[in-house]
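Take a look at the structure set out below.
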Amino acid sequence: MIDTHAHLHLPEYDGDRERVVTRNFAMGITGIVEVCISHDRWPLVDRLVKADRRIHATVGIHPHEASPSALAELRRMEVHCGRDEVVAVGETGLDTYRDYAPLEDQRALFAAQVGLARETGLPLVIHCREAFAEVFAILDREGRGRVRGVFHCFSGGLEEARETHARNFSIGLAGGVTYAPDRWRPILRYLPREALLLETDCPYLRPAPDRRGRNEPAWVFRTAEVVAELLELETDQLVEEADRNAARLFGPRLRSPHLASSGEEG
Ligand SMILES: [Zn+2]
Ligand SMILES: [Zn+2]
């Protein structure tokens with residue numbers, strides 16, 4: 001199974017990064033989208049994708065890292081967008097829930113990354129916390145209807161899900177779904193399953209019941225179990241569909257056994 005949103009380049013893995021990668025692939029993970037959060041940490045992202053072809057990178061700067069110098073840092077990273085290992089731009093967006101970076105800097109950085117996704121044709125990984133109206137506005141203005149992607153670790157309600165789907169964006173479900181599954185019923189009832197992606201956002205958001213401690217890619221199976229139960233599906237079927245959705249969005253480099261067996265691989 002593919003984890004569509006991981007941060008194995010963060011310091012939480014500095015002590016055992018290689019062992020984590022090996023263990024998680026041994027546990028049934030078949031692909032990882034390693035989502036870059038800052039220019040400073042790009043070298044570690046780069047090392048991860050070079051070490052294992054099953055790991056794919058995004059190029060981007062997180063809203064929490066927004067600063068007056070971040071735009072110039074983004075320009076320096078853009079060159080990597082043409083590489084085979086790079087499957088998306090982001091994560092980017094707006095976060096007014098945590099006050100880690102000035103909103104002005106977040107807006108400028110988000111607009112630049114929407115533009116980068118539009119110019120490169122890469123999908124966009126969006127982080128949106130308590131800022132849906134403005135995120136949609138910037139996306140519409142800078143994307144001009146030509147950018148696709150995912151609202152990762154979706155935090156909105158039914159109305160935001162409608163707005164997201166109307167823009168042809170997928171909805172990424174992370175461990176948070178396991179904390180209060182009932183809240184997700186109306187959203188899952190509304191959304192076509194083609195719009196769903198599954199992710200960990202590790203090292204954060206380890207699924208229930210054991211929420212404490214560091215998250216890892218293989219915990220995405222737990223989120224899959226809970227979502228499958230809500231959808232009244234077999235977990236295997238949901239995993240197969242979610243992997244297919246991931247490959248459709250991020251490209252055929254995200255290989256999985258299901259795709260290989262159905263001959264969809266390029
Ligand atoms: Zn995020
Ligand atoms: Zn993230």
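Each ligand, and each atom within it, is numbered from 1 in the order the structure gives.
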Look at the rings of F132 and F136 and say which category their plane angle falls in: under 30° parallel, 30 to 60° tilted, over 60° perpendicular. tilted
With sequence neighbours left out, what residues match T4 under side-chain hydrogen bond (donor to acceptor under 3.5 Å, both in side chains)?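 Counting only residues at least two positions away or on another chain, T4 forms no side-chain hydrogen bond (donor to acceptor under 3.5 Å, both in side chains).
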Short question: side chain of E34, backbone of L8 - any donor-acceptor pair under 3.5 Å?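 Confirmed, E34 side chain pairs with L8 backbone.
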Which residue pairs satisfy the ring pair (Phe, Tyr, Trp, His ring centres under 6.0 Å) criterion with at least one member in residues 165-219, sequence neighbours excluded? F151-F169
Donor-acceptor contacts under 3.5 Å from residues 92-99 side chains, at least two apart:
unit_1: T92; atom_1: OG1; unit_2: Q113; atom_2: NE2; d: 3.0
unit_1: D95; atom_1: OD1; unit_2: Y97; atom_2: N; d: 2.9
unit_1: D95; atom_1: OD1; unit_2: R98; atom_2: N; d: 2.9
unit_1: D95; atom_1: OD2; unit_2: H64; atom_2: NE2; d: 3.0
unit_1: D95; atom_1: OD2; unit_2: H127; atom_2: NE2; d: 2.7
unit_1: T96; atom_1: OG1; unit_2: E130; atom_2: O; d: 2.5

To make sure I understand the geometry: which N, O or S atom in H7 is closest to the Zn ion (ligand 2)?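 Considering only N, O and S atoms, H7 comes nearest to the Zn ion (ligand 2) through NE2.
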For F25, does the six-membered ring have the charged nitrogen or CZ of R54 within the cation-pi criterion, i.e. under 6.0 angstrom from the centroid and within 45° of the normal? yes
Could you please tell me which protein N, O or S atoms lie under 2.8 Å from the Zn ion (ligand 1)?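 Checking every protein N, O and S atom gives E91 OE1, H127 ND1, H152 NE2.
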